[in-house]
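See structure below.
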Amino acid sequence: MLRVLTEHSFRTFAGLIAALICVAIVTPALAASASAAPLLAFAARIAGDDARTRLVIDFDRKPEFKVHYVANPYRVLIDLPETDFGIKTEELEARGIFSDIRYGTMAAGRSRIVLTASRPIGVVLAEVQEEQGATSYRLVVDTAIVTDQVFQANMEKQSWQEASATTTGEQAPVMLPGSRAEGPFVIAVDAGHGGIDNGARGGVTKTEEKHVTLAFASELAGALNKLPGTRAILTRDKDEFLSLSQRVQLARNEGANLLISIHADTLRQKDIRGATVYTISDKASDSLAASLAERENLSDQIAGISFVDEPAEVADILLDLTRRETQAFSINLAQSIVGNFKNEVLLINNPHRHAGFRVLTAPDVPSILLELGFMSNKDDEKLLVDPAWQKKVAGLVAKAVDEYRSTVVANGG
């Protein structure tokens, strides 16, 4: 009896060992199979406007990704390992900057998200954020409009070979070029209106404001670029429409130290003439300033763009201090321009005024709006379309900017 039990125990023990060996062999295979399973993108959301848009996608595991740029049309490509997109269609509907969004399998073991825009865009930030407890991971991609030059530079410096290689380390944030801390002193010159938004119209020559502002902006950029250590960029260099928020974003993308917006409006009182320099303020300095700001702020509506006023971030003390400092710099520049215009360019009464112009709202970029004169006044109109006058005034503005910069540097700014 003892022998029978021993043999039986032996057979049981042997079977158990065999089973354990099978488990040991099969388990790594199952683990490998599980690790090779596609990523799961299970939720997404998009927020922003036509100047800057954020895309957020939630994954079940940490995604490795690469960002690339393609032109004609302007596109940002986000390459991923094989991914199952369990995202509701409405969660990734194109909005903000994007005119179209597509996603899916690109090749064996690879997937891609394609973000298409109607104008050049760049990735301001792209990073993976770990959710609490590492139960999921979030891919955050911030995009913003850029100039053609920046887009082309991004295309030229990218390496497609890196996209096909397996990355194992931390994904470094992708950032746009441009810095205020170092490099040249950058001035964004903004030619008001453009495209479908013609602006004012001359009573004699019938010239549209958008052409006057672009001609002067180009002249001013040329004068500024002659200053040492200075780089001027145009928010628009052709007859195209830009929303007010796009103009501000383009200046910030370039790390602008200043924004100068150029205009030449029209008034019912045709006898009023002369140049005016505006800085931003919640309360307009007078009824004329309020009326002009209201009219300029309607530019977006001409192209069918609705504006939702965002609540003031009164709790953000640092942001409030930045705005105050920026406003002080803006006033300094305005006074410098007025001083250089005296006895050289006809000025309106009280030539430095202020109102709530939306193109001047960047909290960290000193900004002014330069009203060159009024297309509604025949004498102003004659000067506004005169290339020689434009060159003279552009030189005076450039001189004022140079003086402003010297003052800021001397004061440690």
Side-chain angles (χ1 to χ4, degrees), residues 38-59 62-107 109-129 136-160 162-164 167 171-178 240-243 245-246 248-250 252-254 303 305:
L39 285 168
L40 173 63
F42 59 86
R45 48 216 169 273
I46 301 176
D49 57 18
D50 63 352
R52 185 161 179 158
T53 303
R54 166 171 286 192
L55 168 67
V56 179
I57 302 178
D58 294 319
F59 291 87
K62 184 176 180 178
E64 302 292 347
F65 71 95
K66 286 291 180 181
V67 173
H68 284 99
Y69 299 92
V70 179
N72 302 317
Y74 300 108
R75 285 164 289 170
V76 169
L77 311 181
I78 303 174
D79 285 341
L80 297 161
E82 184 179 358
T83 302
D84 288 336
F85 290 93
I87 299 172
K88 296 178 180 178
T89 304
E90 59 270 22
E91 291 180 344
L92 273 183
E93 285 184 351
R95 70 193 70 173
I97 290 177
F98 310 131
S99 57
D100 184 55
I101 298 178
R102 299 185 183 185
Y103 51 90
T105 301
M106 181 182 64
R110 300 171 64 191
S111 296
R112 173 173 287 176
I113 302 170
V114 181
L115 309 173
T116 304
S118 57
R119 59 171 298 113
I121 57 174
V123 174
V124 180
L125 174 68
E127 65 179 9
V128 174
Q129 301 172 355
S136 63
Y137 291 83
R138 175 178 297 172
L139 173 61
V140 179
V141 181
D142 279 345
T143 57
I145 60 169
V146 298
T147 60
D148 279 305
Q149 293 84 351
V150 170
F151 187 85
Q152 291 299 323
N154 284 337
M155 287 185 60
E156 291 171 4
K157 71 183 180 182
Q158 65 189 350
S159 172
W160 283 92
E162 294 177 2
S164 59
T167 55
Q171 180 72 33
V174 181
M175 300 297 292
L176 286 174
E240 66 172 337
F241 175 82
L242 290 175
S243 71
S245 58
Q246 286 178 328
V248 175
Q249 185 64 50
L250 285 169
R252 299 185 74 191
N253 285 350
E254 295 286 342
I305 298 174

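For the pair V123/Y69, a side-chain contact is recorded, criterion being any heavy-atom separation below 4.5 Å from C-beta on. Looking only at side-chain heavy atoms (C-beta outward), P120 and V150 stay at 4.5 Å or farther from each other. Side-chain contact check for I57 versus I78: every heavy-atom pair is 4.5 Å or farther apart. You'll find the side chain of V141 stays beyond 4.5 Å of the side chain of V76, heavy atoms only. Under the 4.5 Å side-chain criterion, counting only non-hydrogen atoms from C-beta, L139 is not in contact with L55. Proximity of D50 to Q246: side-chain heavy atoms (C-beta onward) are separated by under 4.5 Å at one or more points. T83 is not listed as a side-chain neighbour of P38, based on a closest heavy-atom distance of 4.5 Å or more.
Closest approach of A51 and S245 over heavy atoms only: CB-O, 3.5 Å. When all heavy atoms of V70 and F151 are compared, the closest pair comes out as O-CZ, 3.5 Å. Nearest approach of A94 to I101, heavy atoms of both residues: CA-CD1, 4.0 Å. Closest heavy-atom contact between A117 and P73: O-CB, 4.5 Å. In plain terms, the two heavy atoms of S118 and S99 that are nearest each other are N-OG, 4.2 Å. Nearest heavy-atom pair, L39 versus K62, reported as atom, atom and distance to 0.1 Å: CD2-O, 4.2 Å.
The aromatic rings of Y103 and F85 are tilted relative to each other, their planes meeting at an angle between 30° and 60°.
Residues meeting the salt bridge (Lys or Arg N to Asp or Glu O under 4.0 Å) test with R252, sequence neighbours left out: D364. Judged as a salt bridge (Lys or Arg N to Asp or Glu O under 4.0 Å), and not counting sequence neighbours, the contacts of D100 are R102. Considering only residues two or more places apart in sequence or on other chains, A153 meets the side-chain contact (heavy atoms from CB on, under 4.5 Å) condition with none of them.
A distance of 8.0 Å separates CD of E91 from CZ of R45, quoted to the nearest 0.5 Å. The distance from the OG1 atom of T147 to the CG atom of L250 is 7.0 Å, given to the nearest 0.5 Å. Atom CZ of R54 is separated from atom CG of D142 by 4.0 Å, given to the nearest 0.5 angstrom. The distance from the CD1 atom of I121 to the OG1 atom of T53 is 8.5 Å, given to the nearest 0.5 Å. With rounding to the nearest 0.5 angstrom, the CG atom of D79 is 11.0 Å from the CZ atom of F65. Going from atom OG1 of T116 over to atom CD1 of I97 covers 12.5 Å, rounded to the nearest 0.5 Å.
No hydrogens or angles considered: nothing links the side chains of N154 and Q158 as a donor-acceptor pair under 3.5 Å.
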(Q) Run F98 and V114 through side-chain contact (heavy atoms from CB on, under 4.5 Å) and show every step you take. (A) CA-CA 10 Å; F98 310 131; V114 181; over 6 Å; no
